[in-house]
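Reviewing the structure listed below.
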Amino acid sequence: MIVRTTAEITGTERDVAGPGWRSKRIVLGGDKVGFSFHETTIEEGTVHEFHYQNHVEAVWLVEGEGTLHDLDNDTVYQLGPGTMYLLNGHERHQVTARTRLRMLCVFNPPVTGREVHDENGVYPLVVEEEDASV
């Protein structure tokens, strides 16, 4: 069993931030459960483009308002509390935060925590090494 709080991972290597966003990575690939789970915040008035070529991501919006622009299909969706979106087609997308957004996100395959968005907003596929001592 794994029990963690966001308070205990704040300020650790599981607490990752960039301009206008922060991701608290509660469950990562090293936990060996087949997915990763994050609390992500996007700051008011910011716009971010992402493209998860190597991962499927499910997002549940808990707080805030904004838009999700599916760049592959040129469709814009309104985001508000209780909205869920699933990037099961690896869609290129843009998130615009009218107010601060707080989201709970699940990635499959799991991220390891070492990924960094490249110039296209893509996370590379990084796989945790198996522990040979087990």
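Separation of atoms CZ (R102) and CD (E63) is listed at 4.5 Å; rounding is to 0.5 Å. With rounding to the nearest 0.5 angstrom, the OG1 atom of T10 is 3.0 Å from the NZ atom of K24. For the atom pair CZ of R14 and CD1 of I9, the computed distance is 6.5 Å after rounding to the nearest 0.5 Å. The OG1 atom of T83 sits 11.0 Å away from the CE atom of M103 when rounded to the nearest 0.5 Å.
Every residue two or more places apart in sequence or in another chain was checked for a salt bridge (charged side-chain N to carboxylate O under 4.0 Å, His left out) with E57, and none qualifies.
Looking at every heavy atom in both residues, C105 comes nearest to V59 through SG-CG2, 4.1 Å. In plain terms, the two heavy atoms of P110 and F35 that are nearest each other are CB-C, 3.3 Å. When all heavy atoms are compared, the tightest approach of V3 to E8 is O-OE2, 4.0 Å.
Following chains of ILVMFWY side-chain contacts shorter than 4.5 Å, one can reach V16 starting from I42, so the two form part of one hydrophobic cluster. Clustering ILVMFWY residues whenever any of their side-chain heavy atoms sit less than 4.5 angstrom apart, transitively, puts V62 in the very cluster that holds V27. When the side chains of ILVMFWY residues are joined at heavy-atom separations under 4.5 Å, either directly or via intervening members, V111 and I26 end up in two distinct hydrophobic clusters. Clustering ILVMFWY residues whenever any of their side-chain heavy atoms sit less than 4.5 angstrom apart, transitively, puts V106 in a cluster other than the one holding F50. Taken together through direct or relayed side-chain contacts under 4.5 Å among Ile, Leu, Val, Met, Phe, Trp and Tyr, Y77 and V95 form part of one hydrophobic cluster.
Side-chain contact check for Q78 and R98: at least one donor-acceptor pair (N or O, by modelled atom type) lies under 3.5 Å. Side chains of T67 and H69: a donor-acceptor N/O pair is absent below 3.5 angstrom, by distance only.
Put simply, the residue from N54, D72, V56 that forms a side chain to side chain contact (heavy atoms under 4.5 Å, CB included) with H90 is V56. When T75, D70, L87 are each tested for a side chain to side chain contact (heavy atoms under 4.5 Å, CB included) with H93, only one passes: L87. Checked options E65, E43, E44; the residue passing with R100 is E43 (criterion: salt bridge (charged side-chain N to carboxylate O under 4.0 Å, His left out)).
At a threshold of 4.5 Å between non-hydrogen side-chain atoms, the residues Q94 and T96 count as touching.
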Full working for side-chain hydrogen bond (donor to acceptor under 3.5 Å, both in side chains) between H38 and S36: CA-CA 7 Å; H38 315 197; S36 59; 3.0 Å; yes
V76 and L68: CA distance, side-chain angles, deciding distance, side chain to side chain contact (heavy atoms under 4.5 Å, CB included) verdict: CA-CA 6 Å; V76 177; L68 169 68; over 6 Å; no
Test log, rule side chain to side chain contact (heavy atoms under 4.5 Å, CB included), inputs R22 and T40: CA-CA 6 Å; R22 183 177 193 178; T40 300; over 6 Å; no
Audit row: H48, W21, side chain to side chain contact (heavy atoms under 4.5 Å, CB included) steps and yes/no: CA-CA 9 Å; H48 303 272; W21 64 270; 3.9 Å; yes
Ring pair (Phe, Tyr, Trp, His ring centres under 6.0 Å) between F107 and F37, intermediate numbers included: CA-CA 7 Å; F107 283 84; F37 181 71; over 10 Å; no
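Although no hydrogens or angles enter the test, the distance criterion places no donor-acceptor pair under 3.5 Å between the side chain of S23 and the main chain of R25.
Ion pair R4/D31 flagged as a salt bridge, since at least one NZ, NE, NH1 or NH2 atom sits closer than 4.0 Å to an Asp/Glu carboxylate oxygen.
Using cut-offs of 30° and 60° for the angle between ring planes, the Y52 and H55 rings count as perpendicular.
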